[in-house]
Each structure stands twice: as structure tokens, then as C-alpha cells.
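Here is the structure we will look at, set down as C-alpha cells.
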Amino acid sequence: MSYAETSLPEANKKYVEDFGHKGQLPLPPGKKVAVLACMDARIDSSAVTGLVEGDAHHIRNAGGRASEALRSLIISQTLLGTKEIIVIHHSDCGMLTFSSDQVRGIVKKRVPHEHYAAVDQIPFLEFPDLDESIKEDVAFLQNHPLILKDTVVTGYNYKVETGQLIKVA
């Protein structure tokens, strides 16, 4: 049985019991911050930043890549008023361990041939250098015409071994 079938109902019941007044939080994030972080299960982007429910948008994807998060960031800024973006990549990231061609090869082994073209279209956005990937994503956001010009964009390397955030850009 799956987690959703066995554990999720009880976990949600406890969450509801402790929910308090969170349903009264306003839709726009109170601190006008969007956090873009890797989806790695070892990262709690709220805890590491000290931001709690209602403070910020937390956008997560493989590697915390800015180009993949662009749609969400535009909505966050345009419709919900965020003015700052914090980019978080991390040590021991899986994105450092493969190439797009390797992933495409693995996926092609499990899908019918008629889907190969779709697989070839996906940018997996891996990177060979952690700090450079942070600098690239910060620069991408700072220079993107659809991100507000006065946006504060910073980038951090999260150390999964210690929990420390180190500013890179």
C-alpha cells in the first residue's frame, strides 16, 4: 500500500487539529518573498530560511532551476506581489551526477518509440559545478525581461551535511 493510503489520512488529521487560524492568512505572501529550491527531500526550505506559512512562496524542482520555475515566479510577482527571490541549490545534489543524454537513454528504455521525440525535448538542466549553477540562475532571473527589474535576487548553497546556507550570489 502507498503512503497516501496508509499514512496520509492520519497525518492530515493531526495537521487539521493543529491548524489554528492559518485559514485566515492572506493569499499574498506576507514577506513578499519567493524561495526557489531543489526538491531534495533533505531540504526544508521553510525551516532553513526561517519563513513560516504565510510568509513566502516555496517553489521546488529538481536542482532548484530558475528556467523551470519561471512560470511560477512570474505569477508570484505579477499576481501576488513578491519582490524578492531566494535561490537555494545544495551540496550532494543529484543534478551533479548525470547528463541529459544519460537520463534520456534511461527513459527511452521504458517508453514506446513514438515518445522518443518528447523525451528529446526535455531539458533536464543538470550542472557540473554547484556554485556556478547558483550564479547562473541568479543572473538568469536578474536579466530576464519577465522578472520585475527591482527584484532582489540572491543565491545560496545549502550544506545538507550541516544545514548551513552559504551566500554565493
Side-chain angles (χ1 to χ4, degrees), residues 1-8 11-12 29 33-51 56-80 82 84-148 151-169:
M1 296 211 7
S2 73
Y3 175 83
E5 295 170 319
T6 60
S7 301
L8 180 61
N12 182 248
V33 173
V35 177
L36 170 58
C38 183
M39 66 184 194
D40 190 294
R42 298 170 291 178
I43 303 169
D44 181 341
S45 61
S46 293
V48 72
T49 58
L51 296 164
H57 290 149
H58 292 265
I59 302 162
R60 307 214 23 198
N61 65 44
R65 299 315 310 258
S67 60
E68 187 172 309
L70 187 60
R71 179 185 66 88
S72 296
L73 290 167
I74 292 167
I75 291 168
S76 178
Q77 289 199 314
T78 304
L79 301 179
L80 296 161
T82 56
E84 180 175 359
I85 302 170
I86 299 169
V87 175
I88 302 173
H89 296 191
H90 66 93
S91 61
D92 195 35
C93 184
M95 300 298 283
L96 293 160
T97 66
F98 66 87
S99 71
S100 288
D101 286 341
Q102 287 173 314
V103 177
R104 288 186 184 109
I106 294 167
V107 174
K108 286 178 180 177
K109 287 179 183 175
R110 66 172 178 80
V111 300
H113 189 272
E114 62 264 22
H115 298 299
Y116 284 14
V119 173
D120 288 336
Q121 299 277 328
I122 299 172
F124 287 99
L125 306 175
E126 75 278 6
F127 44 82
D129 184 293
L130 182 59
D131 286 349
E132 281 304 310
S133 72
I134 296 166
K135 292 173 189 174
E136 288 170 8
D137 278 353
V138 167
F140 173 85
L141 294 169
Q142 288 172 330
N143 296 310
H144 200 285
L146 301 181
I147 295 296
L148 298 174
T151 302
V152 175
V153 184
T154 54
Y156 295 84
N157 179 339
Y158 173 74
K159 300 296 186 181
V160 296
E161 304 83 3
T162 65
Q164 182 181 18
L165 279 176
I166 298 171
K167 188 173 182 181
V168 174

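Nothing fancy with the numbering, it's 1 onward along the sequence. Quick caveat: nothing in here was measured; it's all calculated off a predicted structure.
- Between S45 and Y158, every side-chain heavy-atom pair lies at or beyond the 4.5 Å cut-off.
- In this structure, E126 CD and R65 CZ are separated by 8.5 Å, a value rounded to the nearest 0.5 Å.
- When every heavy atom of V119 is checked against every heavy atom of R104, the shortest pair comes out as O-NE, 3.4 Å.
- Two residues are said to be in side-chain contact when any heavy atoms from C-beta on lie closer than 4.5 Å; V111 and Y116 meet this criterion.
- Between H89 and M95 the shortest side-chain heavy-atom distance does not fall below 4.5 Å.
- The line from CE of M1 to OG of S7 is 9.0 Å long, rounded to the nearest 0.5 Å.
- Taking each heavy atom of C93 and T97 in turn, the nearest pair found is O-CG2, 4.0 Å.
- Rounded to the nearest 0.5 angstrom, K159 NZ and N157 CG are separated by 4.0 Å.
- Under the side-chain contact (heavy atoms from CB on, under 4.5 Å) test applied with L73, the options T78, L141, T82 reduce to a single match, L141.
- Rounding to the nearest 0.5 Å gives a distance of 10.0 Å between CG of L36 and CZ of R60.
- In the displayed structure, R42 atom CZ is contacted under 6.0 Å by more than 12 heavy atoms of other residues, nucleotides or ligands.
- Among all heavy-atom pairs drawn from L51 and A56, the shortest one is CD1-CB, 3.7 Å.
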Test side-chain contact (heavy atoms from CB on, under 4.5 Å) on F127 and L125 and set out the steps. CA-CA 7 Å; F127 44 82; L125 306 175; over 6 Å; no

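- Put simply, CG on L80 and NE2 on H57 are 4.5 Å apart, with the number rounded to the nearest 0.5 Å.
- Between the CD atom in E84 and the CD atom in Q77 there is a gap of 11.0 Å [rounded to 0.5 Å].
- Side-chain atoms of N12 never come within 3.5 Å of backbone atoms of L8 as a donor-acceptor pair (strictly under, hydrogens ignored).
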